[in-house]
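Just below is one structure, and these are the notes that go with it.
Everything numeric in this text was worked out from a predicted model, so none of it was measured. Scope of the values below: all heavy atoms of this structure, side chains included, with no hydrogens, waters or symmetry mates. Naming convention: chains lettered A, B, ... in sequence-line order (proteins, then strands); numbering from 1 in each chain.
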Number of protein chains: 2
Amino acid sequence: MIKVSRLADYAVVVLVAFTRSDDALLSAAALADKTKLPEPTVAKVLKLLAKDNIVKSIRGAGGGYSLDKPIGNISIAEIVKAVDGPIAVTSCVDGATGSCDYEGCCAVKGRWNPVNVALHSALENVTLADMTS
Amino acid sequence: MIKVSRLADYAVVVLVAFTRSDDALLSAAALADKTKLPEPTVAKVLKLLAKDNIVKSIRGAGGGYSLDKPIGNISIAEIVKAVDGPIAVTSCVDGATGSCDYEGCCAVKGRWNPVNVALHSALENVTLADMTS
DNA sequence: ATCAAATAGTATAAAAACAGTACTCTTTAT
DNA sequence: ATAAAGAGTACTGTTTTTATACTATTTGAT
Ligand code: FES
Ligand code: FES
């Protein structure tokens with residue numbers, strides 16, 4: 001079963017929570033409260049999203065996270081990439097991290113590329129806005 | 001990292017091997033030899049593919065597997081489904097096997113459906129033929 | 001009939017990935 | 001100075017994946 005991690009699922013929940021709040025700046029604790037998700041989990045997700053600039057973070061007392069792009073501009077592809085790492089359908093696709101044991105003798109080396117491209121563009125064309133409607 | 005299982009990758013290797021052989025009927029052992037993959041692995045893949053009628057199996061002495069569809073008619077979606085199970089991007093998507101702990105209070109219940117649909121159609125539109133060319 | 005070749009189905013053990021949590025460090029408003 | 005809040009990292013238990021093994025069934029050949 002092809003699937004995204006649970007954390008990616010949480011990421012969507014958290015991001016959607018932003019759109020349902022009047023405050024632009026929300027702390028991890030506040031978001032945990034809103035989403036009813038465990039606070040450490042929410043904190044972890046937000047750190048990952050911040051690293052890829054999907055949310056903006058402000059450190060220090062009174063800090064928190066904010067969403068400064070419109071949600072129609074945030075694709076599922078970038079959320080998944082931020083949380084689960086690069087989208088690579090097999091280990092022998094272009095840009096995959098590890099490499100494959102059979103590379104030397106393999107009959108389908110690189111053949112998954114078209115699949116990977118298809119997958120990637122499918123995920124790029126779904127935005128957060130599509131998931132809240 | 002979104003990915004298909006290793007077995008799905010092997011499945012493609014094995015299916016491609018069919019197209020490079022003169023014999024229509026090949027045993028698991030013969031395919032293992034052709035693909036240089038370990039025989040138990042090849043056997044396992046073929047069993048799964050046979051169960052979903054992607055290959056046809058003939059039991060008994062002198063038996064083996066054959067491919068009776070043109071490879072242009074075999075989509076990656078069906079291979080992945082046969083080997084890895086249904087394509088369900090999260091556990092709370094329509095048609096997923098298990099169900100989710102947060103179903104009761106979740107803000108994005110079913111929201112991954114559009115993603116799942118996009119993914120599925122992406123995989124349906126790539127055939128084995130696209131991977132051998 | 002018997003044997004051997006071959007697939008079907010199930011079970012097992014080791015390895016890898018994931019999920020959840022905890023802890024320390026740095027930044028910043030008061 | 002202090003406390004609030006994010007950044008970064010590390011750890012542990014659980015789950016999934018991977019690879020293999022074993023038994024049962026089918027079928028052609030002797
Ligand atoms: S199976 Fe990885 S290079 Fe082919
Ligand atoms: S996280 Fe599963 S129903 Fe929402």
Roughly, in whole Å, what's the span from [atom1] in [X] to [atom2] in [N]?
{"X": "A/Glu39", "N": "C/dA22", "atom1": "CD", "atom2": "C1'", "answer": "12 Å"}
{"X": "A/Asp9", "N": "C/dA19", "atom1": "CG", "atom2": "P", "answer": "10 Å"}
{"X": "A/Asp84", "N": "C/dA16", "atom1": "CG", "atom2": "P", "answer": "20 Å"}
{"X": "B/Leu25", "N": "D/dT27", "atom1": "CG", "atom2": "C1'", "answer": "13 Å"}
{"X": "A/Leu48", "N": "D/dG6", "atom1": "CG", "atom2": "C1'", "answer": "13 Å"}
{"X": "B/Ile2", "N": "D/dT16", "atom1": "CD1", "atom2": "C1'", "answer": "17 Å"}
{"X": "A/Arg6", "N": "D/dG13", "atom1": "CZ", "atom2": "P", "answer": "19 Å"}

*Give the nucleotide from the list D/dT18, D/dA7, D/dT17 with an atom nearest to the side chain of A/Lys3.*
D/dT17
*Of all the nucleotides listed (D/dA7, D/dA24, C/dA19), which has the minimum atom distance to the side chain of A/Ser5?*
C/dA19
_5′-ward residue of the pair B/Lys44/A/Gly63 relative to DNA chain D_ = A/Gly63
_Pick the closest DNA chain D nucleotide for A/Ile58 and for B/Gly62 by heavy atoms, then say which residue is nearer the 5' end._
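Here A/Ile58 is the residue nearer the 5' end.
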*asked:* Looking at B/Ser57, I'd like to know whether one of its side-chain N or O atoms comes within less than 4.0 Å of OP1 or OP2 on C/dA8.
replied: yes
*Salt-bridge present (A/Lys69, A/Glu78; N to O < 4.0 Å)*: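 Salt bridge between A/Lys69 and A/Glu78, a charged N being under 4.0 Å from a carboxylate O: yes.
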*Using a strict cut-off of less than 4.0 Å between a Lys/Arg side-chain nitrogen and an Asp/Glu carboxylate oxygen, indicate whether A/Glu124 and A/Lys81 qualify as a salt bridge.*
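No, this pair does not count.
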*Examine the base of D/dT25 for any acceptor or donor lying under 3.5 Å from a partner atom in the side chain of B/Arg59, and report the outcome as yes or no.*
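Such a pair is found, so the answer is yes.
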